[in-house]
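Here's the structure we're looking at; comments come further down.
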Amino acid sequence: MTIRLYDTSARQIRDFAPLVPGCVSIYLCGATVQAAPHIGHIRSGLNFDIMRRWFAHRGYDVTFIRNVTDIDDKIIRKAAEQNRPWWSIGYENERAFNDAYAALGCLPPTYEPRATGHITEMVEMMRGLIERGHAYEAEGNVYFDVRSLPGYLSLSNQDIDDLRQPSGEGETGKRDPRDFAMWKAAKPGEPSWETPWGRGRPGWHLECSAMAHKYLGEEFDIHGGGIDLIFPHHENEIAQARGFGDAFARYWVHNAWVTMSGEKMSKSLGNSVLVGEMVKRWRPVVLRYYLGTPHYRSTIEYSEESLREAEAAFARIEGFVQRAGELAGTTVEPAPEVPPAFADAMDDDLGVPQALAVVHTTVRQGNSALAADDKEAAVARLAEVRAMLGVLGLDPLDAHWAGGIDAGDDLSGVVDSLVRLVLDQREAARSRKDWATADAIRDRLGESGLVIEDSPQGPRWGLGPR
């Protein structure tokens, strides 16, 4: 058994060999909390949640760090525009991100450090970099000297002479325009912290290098994030960490974007789809299926039609799980192992689309067993399906999703009771052969978005495709 991952730094798929046998350490660049999350933001969390679940299924002890960037130019700007404290903007949106991760079934990280809680570690890293000749202070700013480090830009495969390093307002005193800010001198009215070089605040890149060092040490297994972070953020993280003396990440894994009309989903483009609004229109488990089942390196072009297709596909899986469970008459636990074809797909760079094809094939086999009234085969397929869905975070019988309406919805029991009451009225009409009334009840329920299925165990309901 060997898990293989596409390593951006090597530009190829590599066999995964952990730094510590039996353990996996992962650092994921998390949210910059200047605004509520759209589904493009959450895709990264979902992709790495599936990675984490697969490593755990393969028997690894996983340490998963996902940071929060709670101070940056956009947060400060919004605080000024709204006449609010900067930290209230960050905290409000941090909670929105955590709500979105939880709604879509992401496991909580091992640790979720905030940037502003690690100023001491950042100062220590800057001091070390200055002592080693990789950084310098100028007018209260601290810059990294990019020409001091051989191999700079190897991740993004750029030529340093062609580099156009993004610079922020107030970044004065650079020796070379390509140098980047690790620390920004204080401005009136902005948050700041005391350092040996004067008051100021951290640069984005420094935050992650310092937090990865604190929680995962000088070297760790996997650094993840969206492809838009390769440059400048991840390139500059590497420079700081290696200049400080860390080996840093052994593998670099990047997920692709969610796009609309071919453009990256972005607040600045005005084309974002907020998770908080999406979960009012779509079941969260359907959103997870939609965002989590394409390959993590493939772009998702957002459309309502694609979401409806995802909803219908998950409904087919969910329907089999429900019917097979009713035939079993008891809870069928997930199988201890997933089918070999599923495992092969997941081992091969987290091939979720190929793995999902195995899920659907097994569902079809299970439905055939149900049609043949082959209880033993149907139950066996159900156990396999539950094992595979558990890896993907999509098991309908998991406590997070159980009940037809997603767990966490306080109205789920009420809705079920009301639908059962109507179904009892339909059954009473059927028993007296009042077919017109029975059909009218079924049709009205259908107009409400419910699908009614008659089974040997009695009628059951579910949410139909939109």
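As a basis for the values below, the full set of heavy atoms in this structure was taken, side chains included, without hydrogen atoms, waters or symmetry mates. These numbers come from a predicted model, not from an experiment.
The stretch residues 28-51 participates, sequence neighbours left out, in these salt bridge (charged side-chain N to carboxylate O under 4.0 Å, His left out) pairs: D49-R53, D49-R288. Under the salt bridge (charged side-chain N to carboxylate O under 4.0 Å, His left out) criterion, the residue pairs touching residues 117-142 are E121-K214, with sequence neighbours excluded. Within the structure, no pair that satisfies the salt bridge (charged side-chain N to carboxylate O under 4.0 Å, His left out) test touches residues 233-246, not counting sequence neighbours.
Checked by atom type and distance alone, the side chain of D72 pairs as donor or acceptor with a backbone atom of I75 at under 3.5 Å. Between the Y111 side chain and the N67 main chain, no donor and acceptor come within less than 3.5 Å of each other. Between the D70 side chain and the T116 main chain, a donor and an acceptor come within less than 3.5 Å of each other. A donor-acceptor contact shorter than 3.5 Å links the side chain of D349 to the backbone of Y6. Listed for the N93 side chain is a donor-acceptor partner under 3.5 Å among the backbone atoms of A36. Looking at T8, its side chain does come within 3.5 Å of a backbone N or O of W252 through a donor-acceptor pair. A donor-acceptor pair under 3.5 Å links the side-chain atoms of D179 to the main chain of V146, judged by distance alone. Without hydrogens or angle criteria, H400 side chain to A102 main chain gives a donor-acceptor distance under 3.5 Å. For the pair W257 (side chain) and G226 (backbone), a donor-acceptor distance under 3.5 Å is absent. Side-chain atoms of R66 never come within 3.5 Å of backbone atoms of T110 as a donor-acceptor pair (strictly under, hydrogens ignored).
With rounding to the nearest 0.5 angstrom, the NE2 atom of H254 is 9.5 Å from the OG atom of S44.
With sequence neighbours excluded, the residues that form a side-chain contact (heavy atoms from CB on, under 4.5 Å) with D161 are R147, D159. Partners of T195 according to the side-chain contact (heavy atoms from CB on, under 4.5 Å) rule, which considers only residues two or more places apart in sequence or in another chain, are V123, W183, W197. Not counting sequence neighbours, the partners of L356 by the side-chain contact (heavy atoms from CB on, under 4.5 Å) test are Y289, T293, V359, H360, L392. Applying the side-chain contact (heavy atoms from CB on, under 4.5 Å) criterion to S261, with sequence neighbours excluded, gives no partner residue. In terms of the ring-ring contact (aromatic ring centres under 6.0 Å, His included) criterion, Y91 has no residue partners (sequence neighbours excluded). Here Y152 pairs with nothing under the ring-ring contact (aromatic ring centres under 6.0 Å, His included) rule; sequence neighbours left out. For H205, the ring-ring contact (aromatic ring centres under 6.0 Å, His included) test picks out F180, H233, with sequence neighbours left out. Legend: residues meeting side chain to side chain donor-acceptor pair (under 3.5 Å) with T120, ordered by chain and number and at least two apart, are absent.
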Let me have the donor-acceptor pairs involving side chains of residues 15-32, under 3.5 Å, with sequence neighbours excluded, atom names and distances please.
residue : atom : partner : partner atom : Å
D15     : OD1  : R4      : NE           : 3.1
S25     : OG   : D221    : N            : 2.9
S25     : OG   : D221    : OD2          : 3.2

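Heavy atoms of other residues, nucleotides or ligands lying less than 6.0 angstrom from CZ of R114 number 12 at most. Other residues, nucleotides and ligands place more than 12 heavy atoms under 6.0 Å from the CD atom of Q12. More than 12 heavy atoms of other residues, nucleotides or ligands shown are found within 6.0 angstrom of NZ on K187. The environment of CH2 in W193 is crowded: more than 12 heavy-atom neighbours from other residues, nucleotides or ligands sit within 6.0 Å.
You'll find the ring centres of H118 and Y215 inside the 6.0 Å limit. In this structure, the ring of Y136 has its center no less than 6.0 angstrom from the ring center of F144.
A salt bridge links E92 with R84: the closest approach of a Lys/Arg side-chain nitrogen to an acidic carboxylate oxygen falls below 4.0 angstrom. E81 and K78 are not joined by a salt bridge, as no carboxylate oxygen comes within less than 4.0 angstrom of a charged side-chain nitrogen.
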